[in-house]
Each structure stands twice: as C-alpha cells, then as structure tokens.
Undergrad: 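One structure, as structure tokens, below. Some questions next.
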Amino acid sequence: MLLKLENETLARVNAEAAQDIPDFGVWQAQEPRGTAVRIANDINLAAEEFDPSGLELIVLDFPKYKDGRAYTQARTLRECYGFEGDIRAAGDVLRDQVLFMARCGFTSFELADGVLERSGGVEGFEKSLKDFDLFYQPGVKGTALWRLRGLSGATEKERLAAAGIKG
Amino acid sequence: MYRYDEFDAKIVADRVAQFRGQVARRVEGDITEDEFKPLRLMNGVYLQLHAYMLRIAIPYGTLNAAQLRKLAFIARTYDKNFGHITTRQNIQFNWPALTDIPDILDHLAEVEMHAIQTSGNCIRNVTSDQFAGAGADELEDPRPWCEIIRQWSTFHPEFSFLPRKFKIAVTAAPEDRAAVRVHDIGLHMKKNEAGEVGFEVLVGGGLGRTPYIGQVIREFLPKDHLLSYLEAILRVYNSLGRRDNIYKARIKILVNELGAEAFRDMVEAEWAVMDKSRIDLPGDEIERIHAYFAAPDFEDDLDTGDFDSAQKSDKGFARWVRHNVRAHKQPGYASVTISLKPTSMAPGDITSEQMELIADIAQTHCFDEVRTTHEQNLVLPHVKKADLHAIYKKLAPYGLGSSNAGLVSDIIACPGLDYCNLANTRSIPLAQRIQKRFEDLDRQENIGELKIKISGCINACGHHHVGHIGILGVDKKGEEFYQVTLGGSAAEDASIGEIVGRGLSTDEVVDAIENLISFYLGERSDGERFVDTYRRLGPDPFKEALYVA
Ligand code: HEM
Ligand code: SF4
C-alpha cells in the first residue's frame, strides 16, 4: 500500500514493494546500477562515498516508528546530495509522523497492512499532513517562520505594541 | 519576557487541536497504547503509579502573573489544588484525567503556555539561570538565546525521534546556576580574546545510571551560529546514538564511546558542509527576540525605605534577607528566592493559593515576573529593597517565608515511591524527616551552604550524583535502603559524588546524615562549606563518621 505526495495531496499508487528493491550493497555491485535502492537506517550517508545520480527512488526504513535515523538520512539526501527523485518511507510508517517525514524530504509512504484502515484512510493521512502550516525551522518542505515574520509587513514597534510591550 | 505573536499563537492552537484528535483516536482504539505513548509524551503526558501526570513547560523558568494564576486555576479545577515545580524549571500536575488534558491545554494556550516537548525522546524545555537579567555577575541575559532555541527545537522534523531525551541549558554568569555541565548540551556564554560574547559548548553531561560531566567541544562559538552548530551536534547524535539499549542511548554514552575529540571532529565536519545561512537566524530576527527581554524600567536613586531598620526590629526578616535575598545588578533592587521547602510540604509543591499570592506580589512589586529554579524554588527577580519587608510579611503567613535557600533543608527530592512506578524508595518523606531533624534555624545557619539531593532510584531525577550529600534509594530484598554519595556538585565546580559505605536502612539514614554534618562542623576551617571540607579531607574520614553511633 503506497501513498505518493504530489502538489500537497496524497494519492494511492501501485509500485514495487520496498522488500523487492535492492539494498545498498546489492545496488552498489550492480553493473550498470539500477534506478532504485533501499538504504538501511544504520548506513551513515555523511560517511559514505555515494553518488545518487541515475537514481529515481530511494527507500529509507523505519524499523520502528520511534527509530528516527531515516529523518536525518532523508534530509542529508536532499540537502547535501541534492537528490531530487522520490524518497519513500517504508516500515513502521504511521499517520502521526507523516508531516515530520514530508518536512524532511520524503515524498512517498509505504504502509503496512491495516494501517490505512485504522487511520481514517487517505483523508486521515492528509489531515495529519496539514496539522501545522507554520514551522519554526526550515525543512526540506516548509518555510521557516522567521522568514515569514520578516515579510509580514508589521514593523518591530507595531509588533511589540500589539503584544503590549513598550518598544 | 517573550510574548507570542499571531504565528506563535497559531502553532500552539494547532498543537492542541492535533492532540485533541490524537486523544480521540486513542479513546476509539485507532491508535495503540504503544503508538500513542510518544505522542502523549511529546505533549508532557506521563503515566505514573496512580494516574496520568501532565508536565507543563515553563520555558527557561520565566512566568508572568497571568500564567501563574492560570496554573492556580488548573490546579484547583483539574488537580488536587497543588502543582509541583520540577528540577527542569517546569511544573507538573499529578492527577489530571487524560480526557481533560486537551481542555487544560486550551486554558494554557490562552496565557501563551503549552506542554510541548516536556517529555519524550526529543529536545526538551531549555533551562537557564533563575537570576537571568538580574544577576550582577552575568555577561548578558541568556534568555533570548533560550527562546531562540525553544523556537528552533519546537516540532523539529528531524529531531523528534532521537535515541533518547535531549536537554539543553544556557547560562551567562561565571557562577553556574543552571547546571550546564550535567546537560546533554551546556552553553556557557563567555568572552573571547577580542572581547566578543559567544558560547562555550559542552556536550555529553548527564545524570541517570551513568553520570558524566560534559566536555568542551568548542571553546568559542560566535552567537550568530548557535542554531547551525546545535543542528550539527543533533544530526551526529541522531545518526550514531545507540538505539539498541535504552540505558546507553543518551549522547553522553556516544561522546564517551567515541571520545570527545572524535565526536567534535564529526560535528565540525557536519557543520562545515552545512548551509548555515538557511538555519541560523538573521540579525533582525535575533534583535526582534532580544527586544522582548529588554531590562524593565528600573528606577534610579531609590530610597531603601525601612530595609535596614526592619532587619533590626524583625529577626525573622533579617534571617530571610541573609539567605533568600540576593544582590541585584541595579542599585536599590534585589532578587528574592521564595523557598518551596517548608518542613511540611513535598519539596517543590505549591498550592493554588500560594500561586495566586505570588502572582499578586509579582504584579505589584516585580514587573510582572516570576522565575522557577532547578532547585525547585521560585524567584522574584527584581524587587525594590524598600518593598522587601512588606513582601516578606505577605509571604510568611502562606508558608512561603522559609529562610533556608541553599541550606540543609533546601532539599531536591524526586517524586519517588509516592508517585513513580520505577522507584525503589520514598524520597519525599525522607526529605521531610531530614528537614525536621534540622528544623532549628540557628543550627541550619551555622551549617551553612549544603545541598542535599535525593533520588528514589538510579534514574537520578533528584540529581543525587551532584548533591554535596546525595541520597540514592536502593532495593535490598524488597526493603528500602539508601546509599549515600558525597562531594558532588552541579555548579561551575561540577563533580560526581562518590559512594561512601554500605546502604543504610530507613531508620539509620537520618542519623547518618547528622553524623556527617557533625563531623564536618568539627573539622571545617574558616569559611569552608561542607563540600570544601570533604574535598580537602577526602572520603575516608567521612566514611568513618557515617556510622558513629
Ligand atoms: C513517574 C515519574 C517519573 C519517572 C517514571 C521518571 C523516569 C526517569 C527516567 C527513566 C530517567 C532516566 C533517563 C535516562 O537518563 O535515560 C529520569 C531522569 C531524570 N528525571 Fe525523571 N522520572 C519521573 C519523574 C521526574 C520528575 C518529577 C522530575 C523533576 C522533578 C524528573 C526529572 C528528571 C531528571 C532531571 C532526570 C535526569 C536526567 C539526566 O540524566 O540528566 N523526573 N527520569
Ligand atoms: S529517580 Fe527513580 S524514583 Fe525518582 S522519580 Fe526518577 S525514576 Fe522515579
């Protein structure tokens, strides 16, 4: 069961399951290398010689939803390697983490059996994606609030005055 | 203090709505308890021995009167009329019903408060010096930087599922009142040779079952780069911190397994390639936040009124001034520690009526500001000396006039077996027995500064490792025993206490503490605190003294 994020909406799509995608070691040995790879979450991308050009899909793993290493991997792929293809979250992927994932650069979500049904369906996932529309820090997706503050027009004095403080 | 703009308010309101939905889905059974647990923890909802506990964030310990009144209302309406100030400057309520919690969060949002990230494996409420903005010894007010960290760390998408909880403390005075050396990251503001103020960055301090003092990984970090540097540290930790064993998951273990230098090299490497301009705040946003912390309108050339004469006529007041009143950077003003350690209450407990009284005093006499301290007391940071006697006379009838700040009865104690399902022993009753034994105020004053800290188990919530006298609850064949440690400190001379002797039974432990103190009184030389004498003489003579009948 796969959900893909495009233009702020989630859609069900059919695609190869994560378990059928070659893992990092297999992919590295491929000649020529394929367009999809599955990277375990204990592979430290910051320390690897890694060239994602030619890749269209990278699958990152959440063995337990509490194990957050793949968040750093996704951001590293987007921000350090400039990877622009699909980053899929697989494993223990739940509705309540999907916004964090999207903000770190994930663009698709592979759900275990039964998860969609007890999450209010695709709509439930979309609702959680929209739990917040303001973010204090920059992410792969979502502008940092301090940038908005700079743009919102009010002067410092006006802002402080509105908060009841003498500037 | 910081005030929300429309954006901050919306984020907190969205969080309450999100949590309300999550609670409803939990009640429906759509989320399992295992899946719900981190969601509620990230909102401060803990499951204790008897009930849910709600931990509310008091960012860097700063409160205004309206907030304190709201906490009093919550205590009265949803709890048993009291709250509990924690060692991380937060407040806890021990008896709320889970289904009331979204409503409590709505009430909190009205006064710009929340329970975000007070629990869970995320970046916790950032703590600071309770005398920030008031102390004569500080370089600058560290709280704007705390607020910058609060905002950056709130719902950080990459760092919300860390290997373990993560605590940051910031201080800007040479005397470290924020215990920065026993935090995951400690930030100590210092001047470099060029006279610029920046951060000394310490990593890997912590208590728990394996206590460590933090190590310096950067002598001087320019202020503007604070967030990118923190991001680099967290990124290394999130990637490499251990997840196979909950007891080895804190950053202190990673730093010590790798070695501080290797850890630093990784952080610096990460930091070097990072696009800092995306993460670090621009100057105008840094200024915007600083503006909220501008010094209040202090008056010049103040008359000190009856401050001196009242100390002659009112001995109780004079004693309170000696122990609970502290010099202020502005002439004519002082800072007051309101002790939450009277003999009859659990350390750190405060009733609704007490909160309301203090809110009134803060509004009338203290520029609408109150602070919480990691030693589980409250502080009025800026009051006129001329008002001190009046304030004392208002506090005393409410049980808030104890003159024991920093003395033997100013004990830190964890909730222990009275609330906590991990406890081996009770902590609160032991604290009360020690307070009772040393009730005599002249005797306390004679003993001088002495920090006793009690934890009911090795998790060290009561900071026993860094007590001048630490007391740790252990379980021996189902019986409660107490292990004493000596010589710890959480201040700028941070050290981990050493275990002395065998475990003591509930009946023995108070006598043993008294023996140690009597020995110290016999041995001390001029001006030495308990911990100084201990450091001079070493553990052996104290070990012997422990068992003197
Ligand atoms: C049900 C009640 C509580 C439980 C089950 C609990 C549990 C724990 C656990 C398991 C740890 C060790 C974490 C680790 O280092 O890996 C810990 C540490 C700690 N807790 Fe608690 N706790 C409780 C209440 C409190 C309270 C009320 C406070 C504040 C007064 C508190 C403050 C702390 C502090 C400061 C630490 C030390 C953290 C460090 O290692 O630096 N805890 N707690
Ligand atoms: S130290 Fe142990 S007994 Fe005390 S609150 Fe923490 S976990 Fe509970």
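Letters go in sequence order (proteins before strands), and every chain restarts at 1. Keep in mind that this is a model prediction, so the values were computed, not measured.
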Undergrad: Is the NZ atom of K223(B) crowded by more than 12 outside heavy atoms at less than 6.0 Å?
TA: yes

Undergrad: Sort out for me which of A294(B), G29(B), S239(B) touches chain A most, counting heavy-atom pairs under 4.5 Å.
TA: S239(B)

Undergrad: As an exercise, state the distance from OG of S160(B) to CG of L99(A), rounded to the nearest 0.5 Å.
TA: 10.0 Å

Undergrad: Tell me, out of D133(A), N41(A), V140(A), who's got the most heavy-atom pairs with chain B below 4.5 Å.
TA: D133(A)

Undergrad: Identify the two heavy atoms, one from S153(B) and one from Q137(A), that lie closest to each other, and give their separation to 0.1 Å.
TA: C-NE2, 4.4 Å

Undergrad: Would you indicate whether E33(B), at its atom CD, is surrounded by more than 12 heavy atoms from other residues, nucleotides or ligands within a distance under 6.0 Å?
TA: yes

Undergrad: At a heavy-atom distance under 4.5 Å, which candidate from D92(A), L94(A), D67(A) has the highest pair count against chain B?
TA: D67(A)

Undergrad: Given a strict heavy-atom distance threshold of 4.5 Å, which part of N121(B) is in contact with chain A: side chain, backbone, both, or neither?
TA: neither

Undergrad: Counting only heavy atoms closer than 4.5 Å, note whether I31(B) contacts chain A via side chain, backbone, both or neither.
TA: both

Undergrad: What part of E35(B) gets within 4.5 angstrom of chain A, counting heavy atoms only: side chain, backbone, both, or neither?
TA: both

Undergrad: Taking all non-hydrogen atoms of both residues, which atom of G139(A) and which atom of R278(B) are closest, and how far apart?
TA: O-NH2, 2.9 Å

Undergrad: Please state whether the side chain, the backbone, both or neither of Q73(A) comes within less than 4.5 Å of a heavy atom of chain B.
TA: neither

Undergrad: Taking CG in D51(A) as the centre, count heavy atoms belonging to other residues, nucleotides or ligands within less than 6.0 Å. Is the count above 12?
TA: yes

Undergrad: For chain A, which candidate among V273(B), L162(B), L281(B), D8(B) shows the most heavy-atom pairs at distances under 4.5 Å?
TA: D8(B)

Undergrad: If I measure from the heavy atoms of chain A, does D368(B) come under 4.5 Å with its side chain, its backbone, both, or neither?
TA: neither

Undergrad: Apply the test side-chain contact (heavy atoms from CB on, under 4.5 Å) to residues K66(A) and D34(B): give CA-CA distance (whole Å), side-chain angles for both, the deciding distance (0.1 Å), then the verdict.
TA: CA-CA 10 Å; K66(A) 288 180 234 185; D34(B) 179 61; 3.3 Å; yes

Undergrad: Work out which heavy atom in Y136(A) is nearest to a heavy atom in W152(B); give both atom names and the distance.
TA: CB-N, 4.4 Å

Undergrad: What do you reckon, is CD of E84(A) surrounded by more than 12 foreign heavy atoms closer than 6.0 Å?
TA: no

Undergrad: Please classify the contact of T154(B) with chain A as side chain, backbone, both or neither, using a heavy-atom distance under 4.5 Å.
TA: both

Undergrad: Please name the pair of heavy atoms, one in F100(A) and one in F155(B), separated by the smallest distance, quoted to 0.1 Å.
TA: CE2-O, 3.7 Å

Undergrad: Is the closest side-chain heavy-atom distance between W146(A) and D284(B) below 4.5 Å?
TA: no

Undergrad: Would you call R243(B)-D42(A) a salt bridge at under 4.0 Å N-O?
TA: no

Undergrad: Heavy-atom distance under 4.5 Å to chain A: side chain of D275(B), backbone, both or neither?
TA: neither

Undergrad: Counting only non-hydrogen atoms closer than 4.5 Å, does K64(A) touch chain B with its backbone (N, CA, C, O), its side chain (CB onward), both, or neither?
TA: side chain

Undergrad: Start with the C-alpha gap between I11(B) and F135(A), add the side-chain angles, then the distance that decides, and say whether side-chain contact (heavy atoms from CB on, under 4.5 Å) holds.
TA: CA-CA 8 Å; I11(B) 287 174; F135(A) 310 105; over 6 Å; no

Undergrad: Take atom CD in Q30(A); do more than 12 heavy atoms of anything else shown fall under 6.0 Å from it?
TA: yes

Undergrad: A side-chain contact here means heavy atoms from C-beta on lying under 4.5 Å apart; do L39(B) and Q97(A) qualify?
TA: yes

Undergrad: State, to 0.1 Å, how close F159(B) and T72(A) come at their nearest heavy-atom pair, and which atoms those are.
TA: CE2-OG1, 4.2 Å

Undergrad: Can you see which heavy atom on D96(A) is nearest to which on R25(B), and at what distance?
TA: OD2-NH2, 2.9 Å

Undergrad: Is R150(B) close to chain A through its backbone or its side chain, or both, or neither, when contacts mean heavy atoms under 4.5 Å?
TA: side chain

Undergrad: Which atoms of E79(A) come close to chain B, meaning under 4.5 Å heavy atom to heavy atom: side chain ones, backbone ones, both, or neither?
TA: side chain

Undergrad: Side chain, backbone, both or neither: which part of D131(A) has a non-hydrogen atom closer than 4.5 Å to chain B?
TA: both

